[in-house]
Amino acid sequence: MAKFLASINSLTPQEAVHELANLSGEEQEQLALLEKSLLDLQVNDPEKLIRTLTLRAGRFRALARHLTEVEATLSAEAVTGAFDARTEVRRKSKEAKRIRDATLPNGILAGTGSEPWKELWEAARRFSQEQAYPSQAFPVVEDGAHCVLCQRSLDDASALRFRQFEAFVVSTAERELRQAAETFARMRSHLLAVNTTTEVVGEMLKEVRLENEALADSVSAGLAANEKRREAVALALNEDRDLAPDFPPVAAAAIEVEALARQTEARVESLRASAGSDTRAHMTTKADELRARKLLSHHVPVVMSEIDRKKRLAAYGLYMNETTTNAITQKSTAVTKSYVTQKLKDSFRNELDSLGFRHIEVELKEAGGSEGILYHKLLLTRAPGVDLPRVVSEGEQRCLSIAAFFAELSTADEPSGIVFDDPMSSLDYRWREGVARRLVHEAKTRQVIVFTHDIVFLLLLKQFAETEGVNQLDQHVRQLSKGAGVCAEELPWVAMPIKKKIGHLKKEWQAADKLFRDGEQATYEKEATYLYGLLREAWERALEEVLLAGTVERFRFGVQTQQISKIADITAEDCRILDTAMGKCSKWLPGHDQAPAARAPVPEPVELKADIEALESWVGAIRGRR
């Protein structure tokens with residue numbers, strides 16, 4: 001093993017490692033035998049140990065035979081056979097009764113044809129054949145014959161009845177019934193007579209425990225399980241019922257005990273043949289080799305990793321011999337300048353223009369190369385010697401980095417997804433719209449994932465996405481009591497449009513209604529006042545989005561003048577409903593103290609639901625007429 005591991009190189013086949021690390025079942029038994037044999041050789045009296053192990057192996061063989069007999073007796077085939085035989089007896093009994101009823105005449109005594117009666121008939125047969133009429137076939141009913149039971153002369157009717165009884169007894173159905181009953185009785189007796197555990201078995205188990213405690217525990221558990229199986233079979237047979245569905249299966253351990261017996265006998269042979277030091281040294285070497293292979297099986301990934309490392313080193317050596325980094329760098333620099341650098345510069349300039357970054361003149365310049373890689377850096381066009389981060393603000397640096405990222409992205413051909421983590425962090429508000437527009441534009445060709453805390457920036461992204469026809473998926477990531485990173489496929493409340501706000505209110509109303517129905521009045525009132533606060537915010541959102549048709553909205557810089565024509569249909573009733581609803585919602589907001597005499601109870605769920613539906617109807621009516 002040591003030689004093999006020391007000789008591992010890039011050409012070592014992985015199959016050789018797996019073959020060496022996987023011990024066969026025979027090799028595992030050989031290792032266990034060698035380890036025990038080496039311990040045996042350390043005793044002071046080998047002859048005494050040989051006698052002890054010989055006796056022990058014999059006990060193991062006896063225990064294995066006992067287990068084999070128990071397992072065979074309680075096997076699924078044996079148990080099924082016994083219950084099938086019982087079923088066959090039942091079937092034969094029904095058939096025999098049918099024939100008895102058809103064969104025997106009416107008016108006979110109850111019980112005729114039963115087992116006691118058959119015993120009586122067979123006794124009469126023996127008396128007739130052995131004593132009364134030894135030379136004549138039973139029953140003897142000719143003229144002058146006497147009944148063997150009452151010893152009176154037989155008339156014609158009695159003679160006929162005797163012949164009918166004999167025909168019934170010797171019929172095929174009765175014969176088959178007797179045979180089936182005998183078969184079932186034999187199988188039943190065999191099942192009930194088996195002894196799973198005896199005092200001798202207990203002593204043999206103690207011997208097993210000296211050699212293999214785990215096997216002894218397994219055999220003991222198996223015997224206990226088989227005893228439960230035997231008891232279940234006996235109970236079902238004695239009570240003439242079927243086995244329960246949870247009938248325990250038979251436990252098998254004879255094979256393992258037999259293997260232990262063979263191993264013990266092999267130890268005896270090893271002791272008899274291992275008197276010399278050369279034999280002991282050979283056994284030690286073989287055991288060490290098998291132990292090392294067993295240990296290797298736990299470290300195969302490490303060896304495979306080393307082979308892969310050797311392969312990479314060999315490949316690197318070949319490449320390093322065939323190439324020089326200076327030539328690669330020179331060629332890469334030339335190619336990059338010709339085909340990449342100018343495109344990168346133009347792209348960077350275009351990105352700055354799209355972001356509206358024009359107040360500072362910045363450009364990309366080559367910054368040398370190393371090992372085939374050409375580097376670029378940002379410089380102030382009018383002051384190339386000034387360190388750029390010392391001149392521009394943190395927000396301007398973020399804007400330049402975004403432009404540089406998209407410029408570099410333009411040189412890549414793969415449409416892989418990109419992720420931005422709070423791109424508006426440190427950015428001035430004046431770059432917000434340009435960055436949002438650029439991200440949405442990029443989302444036309446690839447997946448763009450944006451994490452942001454900035455609601456204004458979020459609404460700009462959604463506005464530009466809707467304008468550009470870009471599909472969008474909202475995910476709200478929160479930190480709750482159960483942990484961070486909890487996602488919901490919706491926007492936070494503050495960014496929800498009116499349709500989603502109404503849906504959210506309905507969902508929250510269901511939870512509040514349950515509180516009310518469960519009798520948690522205080523908790524319900526707290527939840528209801530909170531929902532009235534959300535409902536008031538929803539009415540405010542409906543004012544912007546629906547009544548004013550989005551002409552003027554918070555968090556948006558411009559006024560949508562093209563929407564003005566839509567608000568010409570606003571009626572006094574629209575305004576009255578809005579004002580009334582806002583007033584009612586404000587009544588339940590925390591922070592508005594009311595006189596104790598004027599304080600009304602918090603509306604119940606039915607009224608709260610009606611107020612939410614009033615908002616939904618108001619929104620639907622305005623949108624419907626437009």
Side-chain angles (χ1 to χ4, degrees), residues 455-456 458-459 476 490-556 558-561 563-626:
I455 296 299
V456 178
L458 169 64
L459 295 177
H476 183 199
E490 61 180 12
L491 291 172
W493 171 262
V494 68
M496 285 182 182
I498 186 59
K499 181 178 180 181
K500 290 186 177 294
K501 284 183 183 290
I502 293 174
H504 181 77
L505 285 169
K506 288 182 175 181
K507 179 180 177 182
E508 293 298 319
W509 175 86
Q510 292 177 353
D513 180 57
K514 185 177 185 304
L515 291 173
F516 183 83
R517 287 185 282 105
D518 292 343
E520 299 182 23
Q521 185 64 29
T523 308
Y524 165 74
E525 291 182 357
K526 181 179 179 181
E527 185 67 18
T529 54
Y530 169 71
L531 286 180
Y532 269 110
L534 294 183
L535 182 59
R536 188 183 189 283
E537 294 179 12
W539 275 104
E540 292 179 0
R541 178 65 184 178
L543 170 62
E544 295 179 353
E545 182 181 330
V546 180
L547 189 64
L548 298 181
T551 305
V552 178
E553 290 186 7
R554 291 166 293 179
F555 306 127
R556 195 172 65 194
V559 177
Q560 302 295 318
T561 55
Q563 298 292 102
I564 291 180
S565 60
K566 293 183 178 181
I567 66 176
D569 64 348
I570 295 177
T571 66
E573 181 62 16
D574 294 335
C575 299
R576 185 195 64 77
I577 293 174
L578 173 65
D579 183 61
T580 301
M582 292 283 286
K584 182 174 183 179
C585 292
S586 300
K587 180 180 180 181
W588 303 111
L589 292 181
H592 293 274
D593 188 31
Q594 300 181 24
R599 186 170 183 85
V602 176
E604 294 186 355
V606 174
E607 184 176 352
L608 175 56
K609 181 180 180 182
D611 291 338
I612 297 173
E613 291 174 346
L615 170 60
E616 185 176 25
S617 300
W618 187 81
V619 169
I622 295 175
R623 284 182 168 168
R625 70 175 180 245
R626 289 178 179 174

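It should be emphasised that the depicted structure is a prediction, and the values quoted were computed from it without experimental measurement.
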ask   = Are any of the side-chain nitrogens in E520 or K526 under 4.0 Å away from the carboxylate oxygens of its partner?
value = no
query = What do the steps show when you test E545 against R623 for salt bridge (charged side-chain N to carboxylate O under 4.0 Å, His left out), and what is the final call?
reply = CA-CA 10 Å; E545 182 181 330; R623 284 182 168 168; 2.8 Å; yes
key: Heavy-atom closest contact (I570 atom, R625 atom, distance)   = CA-NH2, 4.3 Å
key: NZ-CG distance between K501 and L615, expressed to the nearest 0.5 angstrom   = 10.5 Å
task = For the residue pair L547 and I567, establish whether any side-chain heavy-atom pair is separated by less than 4.5 Å.
result = no
request  = Over all heavy atoms of both residues, which pair between A512 and Y524 is shortest? Give the atoms and the distance, please.
outcome  = O-CD1, 3.2 Å
request  = Applying side chain to side chain contact (heavy atoms under 4.5 Å, CB included), run through W539 and I577 and close with a yes or a no.
outcome  = CA-CA 10 Å; W539 275 104; I577 293 174; 3.9 Å; yes
Distance (rounded to the nearest 0.5 Å) between D579 CG and D574 CG = 12.5 Å
key: Any donor-acceptor pair under 3.5 Å from W509 side chain to P605 backbone   = yes
Exercise: identify the closest heavy-atom pair between E573 and R576 = OE2-NH2, 2.5 Å
query = Which distance, rounded to the nearest 0.5 Å, do you find between the CZ of F516 and the OG1 of T523?
reply = 13.0 Å
Test item: D611 side-chain N/O and L608 main-chain N/O as donor-acceptor pair under 3.5 Å = no
task = Measure the CG-CE distance between L543 and M582 for me, rounded to the nearest 0.5 Å.
result = 7.5 Å
key: Gap separating the CD atom of E604 from the CG atom of D513, nearest 0.5 angstrom   = 10.5 Å
message = Any salt bridge linking E537 with R541? Criterion: basic side-chain nitrogen under 4.0 Å from a carboxylate oxygen.
response = no
request  = Kindly indicate whether the side chain of E540, heavy atoms from C-beta on, has any atom under 4.5 Å from the side chain of R536.
outcome  = yes
ask   = Distance from S617 atom OG to I612 atom CD1, nearest 0.5 Å?
value = 12.0 Å
Where I498 and A538 come nearest, the two heavy atoms and their spacing = CD1-O, 3.2 Å
ask   = Is E607 salt-bridged to K584, going by a charged N under 4.0 Å from an acidic O?
value = yes
